[in-house]
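Single-structure report; data block below.
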Amino acid sequence: MKPFPQLSSENLEDLKVKAQQWSLANGLVMYPPDFQTFNVSNAPITLFPTPIPKTAFEQAQLIQQTYNELYSKIVGDKEWLINEIKQLSQFDPEFTGRLFEIYNKVNEQGNFQPLSLGIFRSDYMLHDGKDIKQIEFNTVSVSFGGLSPKINELHTYLNDSGSYDNDYSYQYYDPEELPVSSSIKKIAEGISKGNYYYNDETDNTKTSILFIVQPNERNSFDQRHIEYELLKTHKLKSYRLTLEETIENTTINGDKLYMKKTMDEISVVYYRSGYGPGDYPNEKCWDARFQLENNKAIKCPSIITQLSGTKKIQQILTEKSNLSKYLNEETVDEISKTFVKIYPMDNSPEGEKAKKLAFEQPENFVLKPQREGGGNNIYKEDIPGFLKTLDEKNWEAYILMELINPPVHKNTIIRNNDIFTNDIISELGIFGSIVFDETNGDIKYNEYSGWLLRSKLATSNEGGVAAGFGCVDGIYLY
Ligand code: ADP
Ligand code: MG
């Protein structure tokens with residue numbers, strides 16, 4: 001493994017400016033807090049790519065289609081999944097419960113679209129330096145597929161221009177050591193496949209894609225890169241609405257969803273919002289979700305696919321007997337290798353063990369509720385005190401997960417105009433796209449769709465980039 005490039009402080013400053021200007025010129029950007037629309041900043045990034053072993057990188061990529069398939073099969077096993085979701089709803093009536101209610105209501109009214117589009121991301125850390133271990137499997141609103149190729153291109157540019165060498169004379173990395181993620185291309189392709197199957201297996205470019213986004217989205221450029229690719233390569237127009245704006249701007253005619261102003265028919269509703277209770281501040285937003293679900297447009301993801309990504313389901317799947325319902329022996333082994341121990345917090349023997357462990361060795365665990373999007377977990381020594389604030393019968397709403405022990409590297413981060421060199425740890429996300437029939441699990445399209453590396457300070461528990469904890473990184477393969 002090569003060490004990180006060593007640069008004089010003068011050259012490092014020069015590198016920072018080069019990275020900032022490349023970012024602004026090529027859309028590796030985010031809106032700052034309280035922004036106006038003309039006003040962007042370079043996205044928080046590392047100046048150097050972080051070393052990742054080739055074998056681990058390839059393993060994570062190879063396994064993605066199996067993960068896609070696994071989640072399509074869980075969703076296809078509807079009776080079982082619905083029973084699980086019912087139980088989760090009891091602990092979380094305000095969010096999971098309400099989503100589940102909408103699912104039931106749509107089913108009763110019959111405007112149900114059996115085809116489902118998943119744009120997934122499986123997140124890993126390297127455990128003890130070599131094996132990938134899964135952090136979580138995301139089935140809704142996965143982000144940074146749009147910015148990931150951009151930072152890879154930035155690192156390639158810095159390398160090709162000699163800027164990683166103190167004398168500006170040679171490429172520090174071999175070009176094949178710096179992979180570029182295909183996530184913009186492949187996520188857009190996945191969405192275009194949703195359009196294709198909506199239109200009875202034709203590439204109809206008269207139907208459009210609807211992005212459901214958060215108000216004041218700071219990460220809109222990440223989404224825009226996907227939209228530009230949809231239009232350029234697949235000739236598909238896209239619209240953007242927040243949940244608040246949805247009722248006023250869409251209409252259902254027969255069983256189809258249209259944009260009111262243009263009467264453009266929507267083939268795919270792509271959710272980049274709607275994954276947490278904060279996305280539904282009022283009833284109008286819940287009405288919007290019902291409106292979006294109650295028609296034949298293909299949802300990315302459907303409610304039931306969204307809920308299959310909860311941490312409780314992830315925990316259930318770590319039990320081999322459950323996993324082998326869906327996969328053959330060989331793939332069960334491949335997938336199981338990526339698991340660390342996850343315990344339920346219920347009255348089962350495993351649950352009782354977990355309740356003891358949470359108090360006796362909390363330093364080895366993270367406690368997770370059924371929530372997405374960062375900032376919800378309870379780490380290490382905070383676990384016992386937190387549990388004590390709850391009624392024991394509510395502990396069941398959580399899972400207890402063994403902590404992964406990732407390698408630490410010293411990389412340099414730029415955030416706005418600040419530059420600092422620090423110990424970081426990295427999380428590898430692998431994207432996957434799938435179109436499948438929810439009623440029978442029949443798979444129409446299933447692909448690996450690129451990757452993302454995010455890094456955070458080794459001293460911080462959480463890693464969200466948009467939340468201000470982390471940054472977008474690239475890979476140096478060794
Ligand atoms: P969220 O749905 O909020 O993204 P995650 O399960 O991804 O929840 O956890 C958030 C962050 O916490 C991760 O990005 C990772 O940095 C850290 N984390 C979560 N689980 C583990 C674990 N088992 N070991 C080490 N770090 C973890
Ligand atoms: Mg996460």
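Both ligands and their constituent atoms are indexed starting at 1 by order of listing.
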Which of these, Q370, R371, E136, K368, has its nearest heavy atom closest to atom 20 (N) of ligand 1?
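Considering heavy atoms of Q370, R371, E136, K368, the nearest to atom 20 (N) of ligand 1 sits in K368.
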
Just go through I342, I135, D123 and tell me whose heavy atom is the nearest to atom 26 (N) of ligand 1.
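Result: the heavy atom closest to atom 26 (N) of ligand 1 is in I135.
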
Using a 4.0 Å heavy-atom cut-off, which part of [X] comes near ligand 1: side chain, backbone, both, or neither?
X    : answer
K456 : side chain
V366 : side chain
E372 : both

Residue [X] vicinity, atoms of ligand 1 by number, heavy atom under 4.0 Å:
X    : result
G373 : 1 (P), 2 (O), 3 (O)
K311 : 1 (P), 2 (O), 6 (O), 8 (O)
G374 : 1 (P), 3 (O), 4 (O)
E402 : 22 (C), 23 (N)
M401 : 23 (N)
M125 : 15 (C), 16 (O)

Contact between ligand 1 and [X] is defined here as a heavy atom of the residue under 4.0 Å from a ligand atom; is it met?
X    : result
N377 : yes
K133 : no
Y379 : yes

Parallel, tilted or perpendicular, judged at 30° and 60°: which one describes the rings of [X] and [Y]?
X    : Y    : answer
F137 : Y71  : parallel
Y157 : W22  : parallel
Y103 : F100 : parallel

Is there a nitrogen or oxygen of E427 sitting under 3.5 Å from a nitrogen or oxygen of ligand 1?
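For ligand 1, there is an N or O atom that lies under 3.5 Å from one belonging to E427.
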
Y398/F91 aromatic ring centres below 6.0 Å:
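No.
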
Is the gap between the ring centers of Y164 and Y173 under 6.0 Å?
yes

Looking just at side-chain N and O atoms, do [X] and [Y] make a donor-acceptor pair shorter than 3.5 Å?
X    : Y    : value
E94  : Y280 : no
N347 : K355 : yes
T305 : S116 : yes

Quick check on the Mg ion (ligand 2): does E427 put an N/O/S atom closer than 2.8 Å to it?
no

Below 4.5 Å, heavy atoms only, C-beta onward: do E136 and E372 meet side chain to side chain?
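Of all side-chain heavy-atom pairs linking E372 with E136, at least one is under 4.5 Å.
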
Find, among atoms of E136 that are N, O or S, the one nearest to the Mg ion (ligand 2), and state its name.
OE2

Nearest atoms (heavy-atom pairs only) where F48 meets D473:
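Scanning both residues completely, I find the closest heavy atoms to be O-OD1, 3.3 Å.
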
Is the NZ or CZ atom of K105 both under 6.0 Å from the centre of the six-membered ring of F290 and within 45° of that ring's axis?
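Yes, cation above the ring, under 6.0 Å and within 45°.
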
